[in-house]
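Here the structure comes first, spelled out in structure tokens, and everything after it is commentary.
Excluded from the calculations below are hydrogen atoms, water molecules and symmetry mates; all remaining heavy atoms, backbone and side chain alike, are included. The residues of the chain are indexed from 1 along the displayed sequence.
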Amino acid sequence: MAYTRKNVTALTRSEKRRFVDALLAVKRRGEYDEFVRMHIDYYTADGERGLRAAHMTPSFLPWHRRFLLDLENALRRVDDSVTVPYWDWTRDRSPSGPPWTDDLLGGNGRRPDRLVTTGPFAFAEGNWTLRENVTDENYLTRDLGRSRDPIDLPTESDLEGALKDPVYDAAPWDSTATKGFRNKLEGWGSGRGTVSWRNHNRVHRWVGGAMVGGASVNDPVFWLHHAFIDLQWSRWQQRHRKHRYLPAKPPGRNNAQYRRIVARHERMPPWNVTPDSLESHERIYRYA
Ligand code: CU
Ligand code: CU
């Protein structure tokens, strides 16, 4: 039976507590830090060499789908009633509303060091010491809305701009692609600084602190954000039924993306899966 991922605003008090408790248990077992490490290791950018499986690449969506499933399975080994909720940032836009409440993820970081002091992941609680990071900070930080240089969360119409593109992805299949649903959703826009951060990327920037960069998994909001991104892929598929993951075939030897991206039927590391095998999730989970 497929299980359900709910909007975070629909969780009951006990569902919130169980989700938090499962995260803390996975952290205590050392498994959580393996997820952080893996995300850091797969943070390969356009400008670097080698295969891009996770970011700036067509397989951004299937890679994170599988990554979320692995975390969700780890949570469900602790408590099989738990699923990853999603955060609809087109609706829940307040830094004091869900998911930033004390019974879930806790709130904003304090000035001036951005240390999160409320909720279950606050450093002083002693349950959420960062062990894998790209800086030497060992505590969770946030800067909701970017106090020094404020930005807004993406809007429903920003998201619609991505969803209405019927083509999954397009050449050059990287962060500079101006066509295709994938890069419009992943959010590498043109221009410099704040204007270039769209949709998925913009949310990482809006949360700030730990959510910026390769170690963003250190903030548990990562999973709620990516569940909502995953839901968009599902919505896009329902809207453009004849369209599928692209590219269908690997780029040839003379193409700049040769061996740098994952085609529909190629293996997507570190798993032994293909994007094709991840295009449908309805037998595993559904969104409510
Ligand atoms: Cu990522
Ligand atoms: Cu992300």
Side-chain angles (χ1 to χ4, degrees), residues 7-37 39-40 71 74-75 78-79 82 84-89 91-154 194 197 200-228:
N7 187 311
V8 69
T9 60
L11 297 189
T12 64
R13 207 190 300 178
S14 106
E15 284 170 336
K16 286 189 247 189
R17 186 175 41 78
R18 290 175 149 220
F19 175 63
V20 167
D21 287 350
L23 278 169
L24 296 178
V26 168
K27 175 79 170 172
R28 213 159 36 238
R29 295 172 176 190
E31 289 176 56
Y32 196 91
D33 294 310
E34 291 174 30
F35 286 98
V36 182
R37 186 72 245 162
H39 194 264
I40 294 171
L71 180 274
L75 298 176
V78 174
D79 179 345
V82 170
V84 176
Y86 63 87
W87 168 34
D88 180 347
W89 30 256
R91 290 175 185 223
D92 296 300
R93 307 171 66 80
S94 161
S96 53
W100 312 112
T101 50
D102 289 357
D103 60 356
L104 203 65
L105 302 186
N108 200 2
R110 70 180 181 195
R111 288 165 185 266
D113 60 3
R114 307 291 165 219
L115 176 90
V116 171
T117 58
T118 55
F121 307 97
F123 190 69
E125 294 290 313
N127 300 319
W128 206 257
T129 300
L130 311 194
R131 299 205 168 79
E132 298 285 350
N133 208 346
V134 289
T135 67
D136 48 25
E137 278 173 8
N138 67 347
Y139 50 88
L140 181 61
T141 53
R142 290 183 188 134
D143 181 15
L144 304 183
R146 287 166 59 93
S147 52
R148 263 189 305 149
D149 184 11
I151 58 169
D152 286 323
L153 285 165
T194 56
W197 305 325
H200 155 267
N201 283 345
R202 196 171 185 87
V203 175
H204 278 273
R205 297 283 175 167
W206 184 89
V207 176
M211 267 289 270
V212 178
S216 47
V217 176
N218 274 320
D219 191 331
V221 78
F222 175 92
W223 309 104
L224 283 70
H225 173 37
H226 271 276
F228 189 59

[X] versus [Y]: any side-chain heavy-atom pair under 4.5 Å?
X	Y	value
His226	Phe222	yes
Val116	Asp219	no
Tyr139	Leu130	no
Arg111	Ser147	yes
Val221	Pro99	yes
Arg131	Arg37	no
Val212	Arg205	yes
Arg110	Asp113	yes

Positive for side-chain hydrogen bond (donor to acceptor under 3.5 Å, both in side chains) with His225, one of Trp87, Tyr86, Trp89:
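Among Trp87, Tyr86, Trp89, the one meeting side-chain hydrogen bond (donor to acceptor under 3.5 Å, both in side chains) with His225 is Trp89.
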Quick check: closest heavy atoms across [X] and [Y], and the distance to 0.1 Å?
X	Y	value
Leu104	Phe121	O-CE1, 3.4 Å
Thr9	Pro98	CG2-CG, 3.6 Å
Arg93	Leu153	NH2-O, 2.9 Å
Ala215	Asn133	CB-OD1, 3.3 Å
Gly209	Thr141	CA-OG1, 3.3 Å
Pro85	Ala227	O-CB, 3.7 Å

Results of salt bridge (Lys or Arg N to Asp or Glu O under 4.0 Å) for Asp149 - residues two or more places apart only
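By the salt bridge (Lys or Arg N to Asp or Glu O under 4.0 Å) rule, Asp149 matches Arg146.
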Gap between atom [atom2] of [Y] and atom [atom1] of [X] - 0.5 Å precision:
X	Y	atom1	atom2	answer
Asp103	Ser14	CG	OG	11.5 Å
Thr135	Asn218	OG1	CG	8.5 Å
Arg142	Trp206	CZ	CH2	10.0 Å
Asp79	Glu15	CG	CD	10.5 Å
Leu140	Leu115	CG	CG	8.0 Å
His39	Leu71	NE2	CG	11.5 Å

How far apart are the C-alpha atoms of Leu105 and Val8, what are their side-chain angles, what is the distance that settles it, and do they pass the side chain to side chain contact (heavy atoms under 4.5 Å, CB included) test?
CA-CA 11 Å; Leu105 302 186; Val8 69; over 6 Å; no
Show your reasoning for whether side chain to side chain contact (heavy atoms under 4.5 Å, CB included) applies to Thr118 and Trp100.
CA-CA 9 Å; Thr118 55; Trp100 312 112; over 6 Å; no
Derivation and outcome, side chain to side chain contact (heavy atoms under 4.5 Å, CB included), residues Tyr32 and Val217:
CA-CA 9 Å; Tyr32 196 91; Val217 176; 4.0 Å; yes
What pairs of donor and acceptor atoms, side-chain ones from residues 17-29 against any protein atom, are under 3.5 angstrom apart with sequence neighbours left out?
residue: Arg18; atom: NH1; partner: Ser81; partner atom: OG; Å: 2.7
residue: Lys27; atom: NZ; partner: Asp33; partner atom: OD1; Å: 3.0
residue: Lys27; atom: NZ; partner: Thr129; partner atom: O; Å: 2.7

Checking the side chain of Asp143 only, and the main-chain atoms of Gly208 only, is there a donor and an acceptor separated by less than 3.5 Å?
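Not confirmed, Asp143 side chain does not pair with Gly208 backbone.
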